[in-house]
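One structure is given below, encoded as structure tokens.
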2 protein chains.
Amino acid sequence: MTTAKTGAKNAGIAILLVDDHPVVRQGYRRVLEHQDDFHVVAEADNAANAYRAFKSHQPDVVVMDISMPGASGLEAIRNIRARDADARVLVFSMHSEAAQVKAAFGAGASGFVTKGSEPAELIAAIRAVARGEHAMSDDVARVLAMDSLTPSKSALDQLGEREIEILRQIAAGSTKEQIASNLNLSTKTVQNYHYLIKAKTGMRTDAQLVRLAVECGLANL
Amino acid sequence: MTTAKTGAKNAGIAILLVDDHPVVRQGYRRVLEHQDDFHVVAEADNAANAYRAFKSHQPDVVVMDISMPGASGLEAIRNIRARDADARVLVFSMHSEAAQVKAAFGAGASGFVTKGSEPAELIAAIRAVARGEHAMSDDVARVLAMDSLTPSKSALDQLGEREIEILRQIAAGSTKEQIASNLNLSTKTVQNYHYLIKAKTGMRTDAQLVRLAVECGLANL
DNA sequence: ATTCCGTTGGGCAAATTTCCCGATCTGCAT
DNA sequence: ATGCAGATCGGGAAATTTGCCCAACGGAAT
């Protein structure tokens, strides 16, 4: 029952949990705290709070679900890494699309584990990233391996980050005015992206774009 | 440590957990077993196993995530209810689409709680359905209430046969030229239908139309 | 330094959307 | 029969959007 107020660095691994679902978060917390060298020092339910919590708690490992409403979890990872290059972020995601995994590591994540993995895999991954290593669950490794074998599998590889974000919002059903407002762009720029995305991916209709986005794990339903 | 082999009915509430994500399932289990009148008597990770587990354990309440790979969770609910009309199934879902909620209750669910709810809401809902009542979390109630206010009831009821066919093809990704050709219409007529469908359903973008079509079972993926 | 690329937008003709309307062809009730 | 309601099919015209080009800027790579 060491409350680890001043400096828990010597004892165990201080963890920040980020997930927008309270029940799910509670669940992880209990699972993780069963390991007696783990201490969940803070929780957050969105990207902004995650960054704030990171600043004030300086956890050893951030365990983060990147599919959150509002600002992308990738944003949060970048913010955290910008502030502390030694920060360890372990992404804990529902999906395991190659593009998403790459994006996560590109943003500075140290690990990627899907929610379909066994608890033991999560725990092992947390220990690994705390040690400074990189880690990913078996299914993620398999997806990534398959992806590296195919030449142009994802279709998202050819899209820039902004383009992907706009594709996601289009697929989510947002109007271009909403997207422009969300991203602080002119509607004209959003239109241009919309055109560019269709040109790059070879899709002819918006419906095809939605299907593409869903296939790539950018959107659900 | 009562193993509840012969009859735990008198003591507490026997629960069957169904969710395809092991870590998530473990998490709920711990959260629920913190209530000392709850007993998680079995777990299942898909619809078929859920039905088998229900038969052999006869739980008081089944807590089920309906978004599982393979057979629909709705199928599982229907199977369970077909075998035991008194079975209580509480759906514990990621999303809270009005259509999904209705489908769940239509299949025989006694409650619907989203994973975004507070643990206390889940726990209260389990107690309620165990008592034979119906329960849903606040956000689900809000979504359902909003839905019942909109004139777009089932969304498809207000569409004619041709309109539905065109909506399906739009959702399938066909261009209006392809649709016109498929149905022997002028592209102009297809355009008019496209407009009409959006007007009738209240959808603003094609992406929203795709989602609507998918929700209504008109298109898959 | 220079080149490439992602991002942001302007411009403008061509295409599309958005509504409005009328014409058939049902079925159904008067 | 007659009429009425509604589904289906398209014309027309204004408003809007798309398709595609170009320009400017900052950052990363060379």
Side-chain angles (χ1 to χ4, degrees), chain A residues 71-72 74-75 77-79 81-82 85 99 102-103 105-108 152 154-171 173-210 212 216 218, chain B residues 151-171 173-210 212-213 216 218:
Chain A
S72 161
L74 296 176
E75 276 291 300
I77 296 177
R78 247 176 255 114
N79 290 148
R81 298 272 304 181
K102 285 180 185 173
F105 279 107
S152 74
S154 252
L156 288 190
D157 300 350
Q158 54 194 328
L159 296 182
E161 200 158 330
R162 237 354 30 154
E163 293 165 332
I164 288 180
E165 178 57 29
I166 286 175
L167 171 56
R168 163 157 59 226
Q169 298 207 25
I170 288 172
S174 305
T175 65
K176 60 180 148 343
E177 286 82 6
Q178 290 174 320
I179 297 172
S181 160
N182 291 342
L183 302 179
N184 266 99
L185 297 175
S186 72
T187 62
K188 178 61 196 185
T189 298
V190 175
Q191 283 175 182
N192 279 336
Y193 273 114
H194 189 254
Y195 164 74
L196 239 193
I197 293 166
K198 281 200 278 186
K200 281 191 178 182
T201 59
M203 299 296 129
R204 304 207 142 277
T205 70
D206 284 6
Q208 290 172 2
L209 280 184
V210 173
L212 176 72
C216 296
L218 274 185
Chain B
S152 67
K153 301 286 186 293
S154 230
L156 287 193
D157 300 350
Q158 56 194 324
L159 296 181
E161 205 140 328
R162 258 290 105 125
E163 291 164 335
I164 288 181
E165 178 56 29
I166 286 176
L167 171 56
R168 162 159 49 227
Q169 299 207 23
I170 288 173
S174 306
T175 65
K176 61 177 142 335
E177 286 81 7
Q178 289 173 318
I179 298 174
S181 161
N182 291 341
L183 301 179
N184 267 101
L185 296 175
S186 73
T187 62
K188 178 62 202 202
T189 297
V190 175
Q191 282 176 188
N192 278 336
Y193 273 114
H194 191 338
Y195 165 73
L196 237 194
I197 293 166
K198 282 200 275 185
K200 282 192 179 181
T201 59
M203 299 296 127
R204 304 209 138 279
T205 71
D206 283 5
Q208 290 172 1
L209 279 185
V210 174
L212 177 70
C216 296
L218 272 186

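Given the structure is predicted, the values throughout are model-derived calculations rather than measurements. So you know, we letter chains A, B, ... as the sequences are listed, proteins then strands, and number each from 1.
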Return the minimal non-hydrogen interatomic distance between [X] and [Y], and the atom names on each side.
X: B:Ala171; Y: B:Val210; answer: CA-CG2, 4.1 Å
X: B:Leu209; Y: B:His194; answer: CD1-CE1, 3.8 Å
X: B:Leu196; Y: B:Glu163; answer: CD1-OE2, 3.5 Å
X: B:Ser174; Y: B:Ile179; answer: CB-CG1, 3.7 Å

Open item on the list: D:dG10, OP1 or OP2 - any side-chain N/O from B:Thr189 closer than 4.0 Å?
Closed with: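 For B:Thr189, the contact criterion (side-chain N or O under 4.0 Å from OP1 or OP2 of D:dG10) is met.
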Open item on the list: Tell me whether the side-chain N/O atoms of A:Lys176 come closer than 4.0 Å to OP1 or OP2 in D:dT16.
Closed with: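 No, because none of the side-chain N or O atoms of A:Lys176 sits under 4.0 Å from OP1 or OP2 of D:dT16.
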Nearest whole angstrom, please: distance from the [atom2] of [N] to the [atom1] of [X].
X: A:Glu177; N: D:dA15; atom1: CD; atom2: P; answer: 18 Å
X: A:Leu196; N: C:dG6; atom1: CG; atom2: P; answer: 10 Å
X: B:Arg204; N: C:dT18; atom1: CZ; atom2: P; answer: 9 Å
X: B:His194; N: D:dT17; atom1: NE2; atom2: C1'; answer: 13 Å
X: A:Ile166; N: C:dT8; atom1: CD1; atom2: C1'; answer: 10 Å
X: B:Ile179; N: C:dT16; atom1: CD1; atom2: P; answer: 13 Å
X: A:Asn184; N: C:dT8; atom1: CG; atom2: C1'; answer: 13 Å
X: B:Tyr195; N: C:dT16; atom1: OH; atom2: C1'; answer: 14 Å

Open item on the list: So A:Glu161, base contact, sugar-phosphate only, or nothing? Heavy-atom distance under 4.0 Å.
Closed with: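 Sugar-phosphate contact only - A:Glu161 comes under 4.0 Å of backbone atoms but never of a base.
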Open item on the list: Once you apply a heavy-atom cut-off of 4.0 Å, does B:Ser186 come out as touching a base, just sugar-phosphate, or nothing?
Closed with: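 Counting heavy atoms under 4.0 Å across all strands, the contact made by B:Ser186 is with sugar-phosphate only.
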Open item on the list: Would the base of D:dG6 count as contacting B:Lys200 through its side chain, where contact means a donor and an acceptor less than 3.5 Å apart?
Closed with: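 Not at all, since no donor on one side and acceptor on the other fall under 3.5 Å apart.
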TODO: Could you tell me whether the side chain of A:Asn192 has a donor or acceptor atom within less than 3.5 Å of a complementary atom in the base of D:dC20?
DONE: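 Answer is yes: a donor-acceptor pair is held.
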Open item on the list: Nearest to the side chain of B:Leu185, heavy atoms from C-beta on, is which of C:dT18, C:dG9, D:dG10?
Closed with: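 Selected nucleotide (nearest to the side chain): D:dG10.
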TODO: Kindly point out which of D:dT8, D:dG19, D:dG12 is positioned nearest to the side chain of B:Lys188?
DONE: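 From the listed options, D:dG12 comes nearest.
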Task: Residues B:Glu165, B:Arg162: salt bridge by 4.0 Å N-O rule - done: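 Between B:Arg162 and B:Glu165 there is no salt bridge, as every charged N stays at least 4.0 Å from the carboxylate O atoms.
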